[in-house]
There are 2 protein chains.
Amino acid sequence: MPTDEVPPIAEMPTVEPEAPQVEHVDDDAVHADTTGYRQPEVDVDAVRTLLDGRYGEVRDLVRANLAEHARILVDEEEMSTADFRERVKDVVVMMASTGQTGMGFPQSYGGGGDIGASIAAFETLAFGDLSVLVKVGVQFGLFGGAILQLGTKPHHDAHLADLVSGRTMGCFAMTETGHGSNVQALGTVATYDVEAQEFVITTPDDASRKDYIGNAAAHAELAAVFAQLEVDGVRHGVHAFVVPIREGGRVVDGVRIEDCGPKMGLNGVDNGRIWFDHVRVPRTALLNQFAEVTPEGRYLSPIDNPNKRFFTMLGTLVQGRVCVGGAAINAAKVALTIATRYAVRRRQFEATSPDEEQLLLDYGMHQRRLFPLIARTYALHFAQEVVAGQLHDVFTGPGPIEEGNDEHARRMLESRAAGTKALGTWHATRTIQECREACGGAGYLSENRFAALKADTDVFTTFEGDNHVLLQLVAKGLLTDYASEFEDMDQFGMVRFVAGLAVETVIERTAVHKLVQSVRDLLPGGDRWDQEAGLLDPNYQLAMLRFREEHMLGGVARRLKRGIDQKMNPGAVFSRVQDHVIAAARAHTERLVLEAFVARTAALPDGDLKVALNLLSDLHALTTIEADRAWFMEHGRLSSARSKAISREISSLCRKIRPLAVDLVDAFGVPEEMLRSPELLTWGE
Amino acid sequence: MPTDEVPPIAEMPTVEPEAPQVEHVDDDAVHADTTGYRQPEVDVDAVRTLLDGRYGEVRDLVRANLAEHARILVDEEEMSTADFRERVKDVVVMMASTGQTGMGFPQSYGGGGDIGASIAAFETLAFGDLSVLVKVGVQFGLFGGAILQLGTKPHHDAHLADLVSGRTMGCFAMTETGHGSNVQALGTVATYDVEAQEFVITTPDDASRKDYIGNAAAHAELAAVFAQLEVDGVRHGVHAFVVPIREGGRVVDGVRIEDCGPKMGLNGVDNGRIWFDHVRVPRTALLNQFAEVTPEGRYLSPIDNPNKRFFTMLGTLVQGRVCVGGAAINAAKVALTIATRYAVRRRQFEATSPDEEQLLLDYGMHQRRLFPLIARTYALHFAQEVVAGQLHDVFTGPGPIEEGNDEHARRMLESRAAGTKALGTWHATRTIQECREACGGAGYLSENRFAALKADTDVFTTFEGDNHVLLQLVAKGLLTDYASEFEDMDQFGMVRFVAGLAVETVIERTAVHKLVQSVRDLLPGGDRWDQEAGLLDPNYQLAMLRFREEHMLGGVARRLKRGIDQKMNPGAVFSRVQDHVIAAARAHTERLVLEAFVARTAALPDGDLKVALNLLSDLHALTTIEADRAWFMEHGRLSSARSKAISREISSLCRKIRPLAVDLVDAFGVPEEMLRSPELLTWGE
């Protein structure tokens with residue numbers, strides 16, 4: 001969607017009028033490849049080792065666990081919902097016993113003490129049944145993460161060992177029916193009763209019932225409940241409390257739980273709704289890492305600003321987003337593996353020979369449908385690796401993160417996690433759909449995996465942050481340069497903040513501003529770099545995405561300013577510029593994704609592996625530019641001739657990737673047991 | 001995806017170099033509307049009457065039947081697969097008793113004698129449970145259609161009354177595991193045994209087992225079996241036979257049936273696989289409308305050419321495609337109705353006021369997500385109305401269609417049906433997905449309809465013809481001008497045929513060629529029509545889509561010729577040009593869709609209804625151009641400035657549609673009982 005409506009900021013070369021009668025060289029022509037290209041051989045194990053990164057052993061442990069419990073993929077179809085929920089719970093507990101799910105917790109509580117490992121383990125789990133994945137995410141990521149990050153030693157001592165082992169199941173009771181993305185507007189109240197030294201948790205209305213809470217309908221004994229803390233009539237914003245909701249499997253008095261009922265997918269997860277009717281918990285139930293209420297009812301927090309306190313608390317839970325993004329990318333790998341392997345077995349129509357039907361993957365259109373998705377999956381994989389690495393670094397330390405501990409790095413991480421999650425989950429939705437269609441009617445049968453993949457991943461674009469809301473968060477960070485006021489700004493504040501700066505200031509403060517200049521200097525052609533650089537030069541590809549990002553951000557800043565200057569309501573200004581805001585955030589994240597891919601490939605020693613990865617990196621970069629080529633043309637960065645040349649180059653890359661395609665998906669290392677699809681994958685045997 | 005790689009055919013104005021420093025008027029500005037636009041009032045009943053067209057009563061009958069059996073939407077979630085299949089069958093039979101499902105059959109057999117009415121009824125059924133829809137399609141459309149169109153009076157007398165009433169259930173056994181889109185390659189054989197005067201039906205291998213056959217796993221007593229007819233050692237191509245597969249509920253000897261097992265959706269339909277082991281049927285089992293085998297074993301057909309005979313037979317079944325396209329469009333209406341009505345109730349974030357959260361539908365992005373889909377749904381609705389009308393006209397006559405009966409009109413109809421089916425079903429997939437995401441987590445709960453809509457419609461892009469294969473069929477028709485040799489051409493033949501013509505000849509023979517000229521003459525600016533005409537002038541919008549279609553077809557012809565001239569294998573040429581071929585077919589169908597919308601709107605008397613429909617027509621036209629604006633820029637038909645102006649105009653149209661949006665979806669007339677979504681639609685009450 002085009003959104004930029006302002007003239008270019010920098011002096012730009014004008015677009016040359018085209019000479020439409022010039023016949024260009026057409027790649028359709030039969031000609032020997034004159035570039036010296038030699039088809040690489042793909043060493044599947046080497047690519048897989050590269051993809052697995054530093055957590056190969058962890059990933060292999062999860063692969064083995066998945067294979068051992070492979071039967072659950074069939075159980076999902078055959079069992080009743082109630083039975084399947086129990087089955088999923090049992091598998092989760094069995095997996096916990098292997099250490100797989102507790103890697104992010106301190107060793108002193110039975111964990112592995114390695115956050116990076118815990119993300120690698122979670123991502124890999126996405127090759128299997130996704131109810132198991134989400135149940136693991138709820139128990140160890142959300143509930144466990146809340147206890148670990150928002151709680152202090154007494155909470156850790158009381159709960160961590162039991163939750164790491166799966167002896168105690170918990171849930172994460174944040175979302176309410178009427179309050180989803182806007183967590184600050186939650187309606188549940190926790191009032192401090194100074195007499196009893198207890199908090200009283202109450203659901204004031206049905207819009208404030210907790211909703212979609214995983215683990216709530218059947219299994220959780222404890223809940224991390226997010227509620228408005230009220231002390232002596234004063235509200236202090238949203239805080240989290242540990243609240244028992246079941247004892248011995250029975251719902252406790254004052255708590256009402258309702259099953260959310262059947263869902264599109266993930267029916268092995270027991271999502272529920274929770275109402276609290278004056279439920280009393282001790283003062284120590286407050287997870288008091290960032291705020292405390294003294295016995296006598298004094299509210300204390302090291303962070304004075306309530307908005308900032310809220311976002312700091314929420315920021316510690318960023319791991320959930322990183323995990324969902326990684327899981328989505330891995331779910332896409334399962335779909336691509338099946339569709340690609342089927343396409344080198346299944347034949348349709350006598351296209352090149354009257355005697356034999358042609359393999360699906362030898363059709364140009366089929367290559368065009370699948371290969372850019374494979375390339376993008378690699379790109380997102382490496383981008384995810386960067387986010388996961390940053391998360392590991394930011395969160396690895398002597399203990400839970402302290403306020404003031406490199407705030408800027410944390411805001412950057414949160415932004416990057418948000419953007420990668422949005423792109424990764426949309427990619428999964430799109431890829432699984434395309435792969436299903438590419439397998440025809442067979443793709444519709446449950447035994448061929450697409451049914452579960454599609455239904456289960458569908459909500460990934462929504463949970464752990466709605467993708468559009470997340471991209472707005474990314475844009476806010478970019479536009480404010482992650483200012484220290486950042487966490488204290490709502491949409492009103494952000495619009496006013498940006499409007500108060502010169503557009504040039506907004507631009508100059510962005511990281512991309514310097515990058516644009518640095519990469520241009522590497523390219524031939526000076527100001528005409530966009531017309532003279534080679535299409536397969538990664539610096540050209542990066543320059544294009546950096547230019548777009550910078551330009552879009554400038555356009556957003558300009559439009560926000562103009563709206564305020566014209567005395568419009570800041571909210572109305574935001575609403576009108578919203579698609580532009582989101583496009584800028586997307587452009588930013590796309591740039592990070594390509595940078596990750598280019599960097600990883602550039603670091604490889606020369607050889608076939610590098611050649612193969614470069615094909616994918618080029619294909620990803622050029623299809624990304626092609627997808628938005630209208631924008632580049634509108635902004636004078638792409639001539640018609642060059643735009644067409646990009647499309648031809650993509651077709652050429654697809655033909656080069658064709659002989660490598662199966663190896664490239666096999667390198668994802670999805671366990672054979674997770675593919676199922678018995679007929680698709682043995683077609684013709 | 002860009003595919004055109006040739007210079008423009010016609011002399012074209014060169015693109016003016018842009019003056020990037022010219023500040024353009026920005027629609028963000030707060031200014032009174034100076035165009036004299038006055039917001040129309042939408043009379044929901046009037047719009048609904050317009051949409052319902054000449055079959056309002058039929059549609060209302062189906063609406064009433066759907067409401068009466070609304071409980072089935074819940075049964076789908078709660079019942080076992082086996083029970084639900086029985087439930088679906090019962091509902092189908094009950095609906096049959098109201099006459100709803102038999103409208104396309106002759107009155108003498110208990111039908112309604114009105115093909116148009118039967119399509120209207122089927123489309124409307126798509127507001128409800130889609131297993132019921134598909135079961136109706138199998139029984140009355142596919143099985144019933146085969147008996148009616150391919151059989152003769154003895155078959156009609158023997159079967160029609162029973163199948164129209166639902167007393168006899170049948171299935172349509174065409175697709176085989178290894179032979180889907182390529183029906184001519186079916187492996188099942190029917191050998192004539194002259195001694196016994198019987199056909200012997202045999203499944204030679206597992207790739208030739210019948211697969212995905214609806215009604216086969218549980219209910220069908222009869223099957224219309226498509227098999228290679230062999231008489232005295234000579235193959236005559238695919239023919240259809242009536243074969244009993246069950247008697248009194250028991251599978252007959254020689255027939256083996258296997259359940260396809262759980263599917264992504266449509267689990268109320270009993271899909272199965274069928275093997276035939278020398279199953280004998282009498283000579284009269286051949287559905288002999290187009291071919292006959294005499295008792296002594298002579299093969300007779302009024303159509304000499306086997307390819308042509310095959311496609312003529314298949315062509316009589318075009319109704320199935322028309323029905324699926326219409327059903328998909330109506331399924332999209334259900335999703336849009338829920339998402340739009342939710343968006344005027346649900347609030348999120350205090351965007352314009354610190355005291356109240358903003359309605360979702362007041363966000364610019366939310367409008368951008370939903371309104372172009374509403375507009376396109378209207379456009380496709382009217383395009384579907386045209387196809388259904390043409391089908392009615394072509395097939396309405398004294399009896400089943402005869403060979404030679406206006407072949408050209410039939411080929412045009414088949415092509416149009418194929419294109420509309422492809423666009424309609426892809427639109428449904430995309431729309432339902434977007435609406436689910438626009439309803440957030442609530443969209444994931446089964447009671448809110450998206451789960452079933454998504455899962456059930458997913459296979460629509462594949463069955464009744466894979467969309468990509470269908471678009472190739474469309475392109476073949478365009479490139480060969482539906483030549484009389486048309487039905488005798490495979491891909492080889494088509495490539496050679498086109499390569500044998502001058503490109504100018506290909507172009508001049510197309511219908512669009514004349515249209516391009518005629519519409520240009522209506523526009524100001526002469527050769528610069530694309531730069532001077534108003535964006536909201538429908539002639540401009542049509543001229544753009546016609547130009548694109550003509551130009552893409554010329555490009556395809558040129559590339560096919562060049563490949564052949566360079567001595568490439570015709571199949572390899574086709575594979576390389578395939579995405580271009582499909583893009584041309586899509587461009588053609590998009591043009592037909594817009595023409596249908598423009599024509600329907602232009603015919604309205606002046607007034608609010610016309611104003612409202614014009615907003616939608618403009619939005620549809622401009623978003624269609626915007627989606628491919630890169631192509632138009634690449635081909636000199638859109639300047640950067642004008643491209644940006646189109647995007648601004650779209651935003652402006654969205655704001656004008658905002659106050660009308662709920663009325664515009666209510667006018668779809670989806671029965672309230674079909675929406676379910678109790679909490680979404682009463683939000684805040």
Side-chain angles (χ1 to χ4, degrees), chain A residues 2 5 7-8 12 14-15 17-18 20-21 26 28-30 77 180-182 212 260-264 348-349 351-352 363-365 368 437 440-441 444-447 451 459 461-462 466 468 491 559 562-563 566 568-569 571-572 574-576 578-579 582 629-630 633-634 636 640 643-644 647, chain B residues 2 5 7-8 12 14-15 17-18 20-21 26 28-30 77 180-182 212 260-264 348-349 351-352 363-365 368 437 440-441 444-447 451 459 461-462 466 468 491 559 562-563 566 568-569 571-572 574-576 578-579 582 629-630 633-634 636 640 643-644 647:
Chain A
E5 310 188 358
M12 290 200 319
T14 51
V15 183
E18 266 194 273
Q21 299 310 322
D26 195 310
D28 290 346
V30 191
E77 285 163 31
S181 296
N182 191 5
Y212 317 112
C260 285
K263 307 184 296 286
M264 189 180 295
Q348 190 120 273
F349 290 114
T352 40
Y363 283 99
M365 189 74 198
R368 260 284 192 170
E437 293 186 32
Y444 200 60
L445 303 183
S446 299
E447 68 171 3
V459 78
T461 56
T462 299
D466 172 86
H468 286 101
Q491 282 170 21
R559 291 179 66 188
R562 188 162 48 208
Q566 289 171 343
M568 285 176 75
N569 175 307
F574 179 82
S575 175
R576 289 201 174 199
Q578 191 182 17
D579 58 348
I582 287 170
R629 68 197 200 283
M633 283 190 273
E634 283 169 358
S640 301
S643 177
K644 292 179 193 171
S647 295
Chain B
E5 308 186 0
M12 289 200 323
T14 52
V15 184
E18 269 196 89
Q21 299 308 325
D26 196 310
D28 290 347
V30 191
E77 286 164 31
S181 297
N182 191 5
Y212 317 112
C260 285
K263 305 184 297 285
M264 187 180 294
Q348 190 118 276
F349 292 115
T352 40
Y363 284 99
M365 189 74 198
R368 260 285 193 168
E437 293 185 33
Y444 201 61
L445 302 182
S446 299
E447 68 172 3
V459 78
T461 56
T462 299
D466 171 86
H468 286 100
Q491 283 170 20
R559 291 179 67 190
R562 190 163 43 210
Q566 290 170 343
M568 286 176 74
N569 176 308
F574 179 81
S575 176
R576 289 203 173 197
Q578 190 183 18
D579 58 348
I582 287 170
R629 68 197 201 284
M633 284 191 272
E634 284 169 357
S640 300
S643 178
K644 292 179 192 170
S647 295

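First the proteins, then the strands, lettered A, B, ... as listed; each starts at 1. Just so it is clear, the model here is predicted, and its values are computed rather than measured.
Atom CG in D466(B) sits 8.0 Å away from atom CD in E437(A) (nearest 0.5 Å). Rounded to the nearest 0.5 angstrom, M633(A) CE and S643(B) OG are separated by 8.5 Å.
Ranked by heavy-atom pairs shorter than 4.5 Å toward chain A, the options T462(B), V459(B), L445(B) are led by V459(B). Considering only heavy-atom pairs separated by less than 4.5 Å from chain A, the leading option among F349(B), Y212(B), Y363(B) is F349(B).
Side-chain contact between R629(B) and E634(A) is present, with heavy atoms from C-beta onward closer than 4.5 Å.
Proximity to chain B (any heavy atom under 4.5 Å) is restricted, for I582(A), to the side chain, taken from C-beta onward.
Among all heavy-atom pairs drawn from S575(B) and G364(A), the shortest one is OG-N, 2.8 Å.
Taking S446(A) as the reference, E77(A), A451(A), P262(B) meet the side chain to side chain contact (heavy atoms under 4.5 Å, CB included) condition, with sequence neighbours excluded.
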